[in-house]
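Every value quoted in this text rests on a predicted model; they were computed, and no experiment measured them. Position 1 is the first residue of the sequence; numbering continues from there. For ligands, and for the atoms within them, numbers begin at 1 and follow the listed sequence.
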Amino acid sequence: MKVIDLIQPFKKTIFSFELLPPLKGQNATRLYETIDELIEFNPAYINLTTHRDEIEYRPLENGLLEKKIVRKRPGTVAIAASIQHKYGIPVVPHIVCGGFNKEETENMLIDLNFLGIKNILALRGDGLKSENFFVPEKNGHAHANELVEQIVHLREGKYLDPDLKNKSSLDFCIGVAGYPEKHSEASNPETDLFYLKQKVEAGASYIVTQMFFDNKKYYHFVDRCRAAGITVPIIPGIKPLALMNQITMLPKIFSIDIPEEFAAEVRKCKTNEEARQVGTEWAILQAKDLIANKVPCLHIYTYGITDNTRQIAKTLL
Ligand code: FAD
């Protein structure tokens with residue numbers, strides 16, 4: 001089932017949990033346990049992140065550094081299909097531009113189609129930690145709108161090789177990312193919105209937002225999108241704060257604000273457990289307000305942690 005058909009026409013707010021594929025070397029047991037702990041809350045679908053190759057420099061005995069290309073969380077395609085078949089819930093694998101050329105992306109999409117996956121969240125991905133800005137792969141995409149275009153071409157039966165015979169159409173429902181508080185690299189909110197509209201016009205059916213801790217930012221973003229002519233559903237992303245230091249880390253990593261009222265409560269906490277409880281309660285307040293305002297779906301960034309996500313889902317269902 002396609003995400004767009006789950007959220008339109010609107011009946012009631014549904015849930016999606018965002019999960020990470022296992023670290024290299026681990027099997028999928030913990031991931032399945034995580035899903036087992038969340039399944040009673042009837043997620044309408046599950047998002048699964050993708051992680052590009054990273055470059056690490058490891059010290060050698062001779063004092064020099066060895067450059068290693070490391071893929072810490074491989075397997076998104078296989079795990080996405082495995083979850084979808086095991087639980088009978090649509091899975092939305094995230095596909096990124098970074099680290100993949102167009103040919104590799106096309107082959108990945110062909111695999112996903114064979115495996116019965118019908119949904120994709122199309123993203124650019126971040127630059128390598130060793131680079132100051134995002135560098136596309138040779139013959140890869142520089143921005144998510146180009147990736148959306150490639151996926152739409154496959155829907156139209158247009159593959160990279162124009163001489164291919166007996167081509168069939170690959171029909172994925174495409175979501176893209178939106179940033180209520182502006183993407184960190186965008187020069188201003190208007191430019192960011194311009195490019196968001198470009199992704200939608202390229203063929204995205206819905207938008208999922210970056211996490212935010214102040215619902216006013218989401219509502220303002222939706223108003224700005226509507227004024228700019230973006231009419232697709234905009235799914236809010238909620239992240240329950242799980243550790244005390246996230247109060248300073250998250251704004252740095254994601255260019256987002258933490259409201260002072262919330263930050264002040266977290267500052268009073270003596271332990272991570274206390275901070276996590278405050279974070280969960282804040283996420284519940286956010287979620288209740290969003291549901292009252294009839295958002296189509298709540299996208300919960302779980303980071304593989306279930307106790308707080310369960311507490312949120314229990315309160316809301
Ligand atoms: P883009 O839409 O390409 O935008 C990136 C920047 O370029 C923005 O500043 C935008 O304004 C600008 N821009 C956009 N199009 C153009 C253009 N055509 N020309 C010039 N400038 C342009 N990352 C992962 O690695 N794996 C994941 O699984 C993952 N999941 C995510 C899920 C969600 C819901 C969200 C919100 C983010 C996720 N990310 C993930 C992070 C995401 O990859 C980063 O935020 C990345 O920096 C931007 O991705 P994007 O798709 O928004 O890029």
Side-chain angles (χ1 to χ4, degrees), residues 3 15-22 45-54 71-77 79-80 91-100 105 108 119-129 131-137 140-151 174-212 217-218 221 224-225 228 230 232-239 250 252-256 295-304:
V3 168
F15 292 88
S16 157
F17 300 122
E18 180 179 299
L19 302 170
L20 280 66
Y45 58 97
I46 288 174
N47 280 79
L48 193 70
T49 58
T50 284
H51 302 261
R52 63 174 299 175
D53 291 343
E54 291 171 38
R71 188 105 191 260
K72 289 191 175 152
R73 293 182 187 270
T76 296
V77 169
I79 288 283
V91 177
V92 184
H94 298 184
I95 302 290
V96 296
C97 307
F100 298 92
T105 299
M108 196 169 5
N119 298 282
I120 301 283
L121 190 67
L123 302 146
R124 187 198 68 178
D126 288 319
L128 290 169
K129 289 193 184 85
E131 292 165 350
N132 289 331
F133 50 87
F134 178 84
V135 180
E137 199 71 6
H141 298 301
H143 285 288
N145 68 297
E146 299 169 13
L147 174 58
V148 174
E149 279 166 21
Q150 182 179 12
I151 304 171
I174 310 165
V176 289
Y179 301 83
E181 297 175 68
K182 186 181 89 60
H183 184 260
S184 58
E185 295 163 33
S187 29
N188 58 63
E190 289 69 36
T191 313
D192 208 23
L193 206 60
F194 171 85
Y195 288 123
L196 177 60
K197 191 172 180 198
Q198 197 176 54
K199 290 194 278 195
V200 173
E201 285 171 348
S205 299
Y206 66 98
I207 296 165
V208 187
T209 77
Q210 181 58 280
M211 65 183 75
F212 54 87
K217 309 258 184 189
Y218 167 80
F221 176 65
R224 288 176 48 241
C225 286
I230 299 172
V232 296
I234 303 176
I235 297 174
I238 296 290
K239 153 99 181 91
L250 296 176
K252 264 192 221 151
I253 299 171
F254 298 110
S255 286
I256 52 168
V295 297
C297 177
L298 277 179
H299 174 105
I300 305 184
Y301 292 97
T302 70
Y303 285 63

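- For ligand 1, the atoms sitting less than 4.0 Å from at least one non-hydrogen atom of A177 are 35 (C), 36 (C), 52 (O), numbered in the order shown with element in parentheses.
- Residue-to-ligand polar distances place Y179 within reach of ligand 1: an N/O pair is separated by less than 3.5 Å.
- Close approach to H94 involves these atoms of ligand 1, each under 4.0 Å from a residue heavy atom: 27 (C), 28 (O), 29 (C), 30 (N), 31 (C), 32 (C).
- In this structure, Y301 is part of the shell of residues with a heavy atom less than 4.0 angstrom from ligand 1.
- Taking the six-membered ring where tryptophan is involved, the planes of H299 and Y301 are perpendicular, since the angle between them exceeds 60° and thus also 30°.
- Less than 4.0 angstrom separates some heavy atom of V96 from each of these atoms of ligand 1: 24 (C), 25 (O), 26 (N).
- Atom 19 (N) of ligand 1 has Y195 CE2, 3.3 Å as its closest protein atom, hydrogens excluded (heavy atom only).
- Of all atoms in ligand 1, listed by their number and element, those nearer than 4.0 Å to a heavy atom of T49 are 28 (O).
- Protein heavy atom closest to atom 7 (O) of ligand 1, with residue, atom name and distance, is H143 CE1, 3.1 Å.
- The nearest heavy-atom contact from the protein to atom 40 (C) of ligand 1 is L123 CD1, 3.9 Å.
- Every atom of ligand 1 is numbered from 1 in the order shown, and the set under 4.0 Å from a heavy atom of Q210 is 36 (C).
- The single protein non-hydrogen atom nearest to atom 27 (C) of ligand 1 is T50 O, 3.6 Å, given as residue, atom name and distance.
- Per-residue contacts place Q198 under 4.0 angstrom from the following atoms of ligand 1 (heavy atoms of the residue considered): 18 (N).
- Ligand 1 has no atom lying under 4.0 Å from any heavy atom of R52.
- With hydrogens left out, the protein atom closest to atom 23 (N) of ligand 1 is G125 CA, 4.1 Å, a heavy atom.
- By the 3.5 Å distance cut-off applied to N or O atoms, D126 is counted among the residues near ligand 1.
- Of the options N47, T50, T76, a side chain to side chain donor-acceptor pair (under 3.5 Å) to H94 is made by N47 and by none of the others.
- With respect to atom 10 (C) of ligand 1, the closest heavy atom belonging to the protein is D192 OD1, 3.4 Å.
- Atom 2 (O) of ligand 1 has its nearest heavy-atom neighbour, among H183, K199, E190, in K199.
- Of all atoms in ligand 1, numbered sequentially from 1 with element shown, those under 4.0 Å from a heavy atom of A186 are 9 (O), 11 (O).
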